[in-house]
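None of these values were measured; they are calculated from a predicted model.
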Amino acid sequence: FCFSGRKRHFARERRRRRGLRNQRATRGASMSSQIAQMRNVVSRGLRVAPRVTKRTMATEPGAEAKVNCWEAPLEIPKWKEEHIVIAVLAGWGAVIYGAKKAFS
């Protein structure tokens, strides 16, 4: 029975774990430096700009705001896209139901 293969396996595993420890230490150091930079910015009284811009649903940048279908029921082009979809599906449902009742 040969133990040399086992020794190589354990040595390889030790090297892998040592590499993981080094990665964690480096990651921890970079995180602490980022936190320190953020503290400096906050302590100086500077406001940090938000990273995510808020966009409302169903609008394109620069386009006029969309409205709910019950706020402007006669101005369909201003409706939100979700409300147009619901109205179209309800219309098709009414047509199909009416045709079924009329021909049966």
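With sequence neighbours excluded, the residues that form a side chain to side chain contact (heavy atoms under 4.5 Å, CB included) with Val88 are Ile84, Trp92. For the side chain to side chain contact (heavy atoms under 4.5 Å, CB included) test, residues two or more places apart in sequence or in another chain that qualify with Val67 are Glu71, Ala72, Lys78.
The backbone N or O of Cys69 lies less than 3.5 Å from a partner atom in the side chain of His83, making a donor-acceptor pair.
Taken from CG in Asn68 to CD in Glu82, the straight-line distance is 9.0 Å, to the nearest 0.5 Å.
The heavy-atom pair separating Lys66 from Trp79 by the smallest distance is CD-O, 3.4 Å.
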